[in-house]
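Inspection log for the structure reproduced underneath, given as structure tokens.
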Amino acid sequence: ANDGCLPGSCAISDGWECAGEGAGTICTRLYWPIVSCGDRINIDDTIYKIMNDLDTTEISGSLCLRISANNVVLNGNGKTLRLVYAPSSVGTGIEIKEKSNITIKNLTILKFRAGIYIENSGNITIENLNSTDCTTILGNPGTCSAIEIRSSRNISIIGSHLYSNKAGILTDSGDIK
């Protein structure tokens with residue numbers, strides 16, 4: 001499926017794989033690149049790949065990435081999501097609400113109040129996540145966590161390191177493996 005890729009213009013670094021030459025070139029989308037906080041993750045049955053470190057300095061309530069599709073793989077590609085110092089921030093690195101069959105892997109998340117926030121979702125796999133130094137509002141230490149899970153089921157956390165957070169995993173209910 002060419003999906004908008006013109007023969008000769010495909011580049012593997014843009015998530016395309018091409019075969020053939022000239023008018024016979026066939027391009028296939030391997031993944032959708034993520035290059036900044038706020039990029040959309042909204043196509044079902046899709047692989048997304050973070051292409052560079054993502055920093056945000058947004059103030060209270062900031063969100064870097066929202067997964068709003070089902071059957072998604074977010075490959076962090078060894079990159080970092082980081083909340084750059086913002087003393088009033090209660091930001092979230094990645095938010096998943098009412099979704100299923102999501103995999104997040106190979107990622108470092110720093111300084112957010114919630115590194116990954118999961119609500120009313122199921123069949124979520126988090127693999128090779130490093131999360132540290134969550135941030136709370138000055139004067140209101142509250143709870144911050146690497147992963148916050150609300151009313152979700154079948155959550156798998158594999159090969160991850162969650163340290164220097166008030167809570168590694170914060171949950172009100174859920175099925176965590």
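With Ser100 contributing its side chain and Asn70 its backbone, the two residues share no donor-acceptor pair below 3.5 Å. In this structure, Thr46 contributes its side chain and Ile43 its backbone to a donor-acceptor pair below 3.5 Å. Side chain of Thr108 to backbone of Thr80: no donor-acceptor contact under 3.5 angstrom is found. For Arg29 (side chain) and Tyr31 (main-chain N/O), a donor-acceptor pair under 3.5 Å exists by modelled atom type. The main-chain N or O of Ala69 is never found under 3.5 Å from a side-chain atom of Asn42 such that the two would form a donor-acceptor pair. Under the 3.5 Å distance criterion, the side-chain polar atoms of Ser68 are matched with a main-chain donor or acceptor of Ile41. A donor-acceptor pair under 3.5 Å links the side-chain atoms of Ser160 to the main chain of Leu129, judged by distance alone.
Counting heavy atoms from C-beta outward, Lys97 and Arg66 have side chains that stay 4.5 Å or more apart.
Both Leu30 and Ile47 are assigned to one and the same hydrophobic cluster, defined by single-linkage of ILVMFWY side chains at heavy-atom distances under 4.5 Å. Neither Leu65 nor Tyr117 shares a network with the other; the hydrophobic side chains, linked directly or stepwise wherever heavy atoms of I, L, V, M, F, W or Y lie under 4.5 Å apart, form separate groups for each.
Rounded to the nearest 0.5 Å, atoms OG1 (Thr132) and NZ (Lys111) are 7.5 Å apart. The structure places CD of Glu98 at 5.5 Å from CG of Asn120, a figure rounded to the nearest 0.5 Å. Distance check: Lys105 NZ to Glu127 CD gives 6.5 Å after rounding to the nearest 0.5 Å.
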Can Leu74 and Ile50 be said to form a side-chain contact (heavy atoms from CB on, under 4.5 Å), step by step?
-> CA-CA 8 Å; Leu74 176 60; Ile50 297 176; 3.9 Å; yes
Steps toward side-chain contact (heavy atoms from CB on, under 4.5 Å) verdict (Tyr48, Val73) | CA-CA 6 Å; Tyr48 292 85; Val73 173; over 6 Å; no
Apply side-chain contact (heavy atoms from CB on, under 4.5 Å) to Ile155 and Ile118, showing your working.
-> CA-CA 9 Å; Ile155 311 297; Ile118 303 166; 4.3 Å; yes
Between Ile124 and Asn154, is a side-chain contact (heavy atoms from CB on, under 4.5 Å) present by the stated rule, with each step listed?
-> CA-CA 7 Å; Ile124 309 295; Asn154 197 21; over 6 Å; no
Hey, mind stepping through Asn101 and Asn71 against side-chain hydrogen bond (donor to acceptor under 3.5 Å, both in side chains) and telling me if it holds?
-> CA-CA 5 Å; Asn101 302 315; Asn71 306 310; 3.0 Å; yes
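The one candidate from Ile34, Thr56, Ile94 that meets the side-chain contact (heavy atoms from CB on, under 4.5 Å) condition with Leu81 is Ile94. Looking at Ile96, Thr125, Val72 one by one, the single match for side-chain contact (heavy atoms from CB on, under 4.5 Å) with Ile104 turns out to be Ile96.
At a threshold of 4.0 Å, the pair Asp53-Lys79 does not count as salt-bridged, since none of the basic side-chain nitrogens sits closer than that to a carboxylate oxygen.
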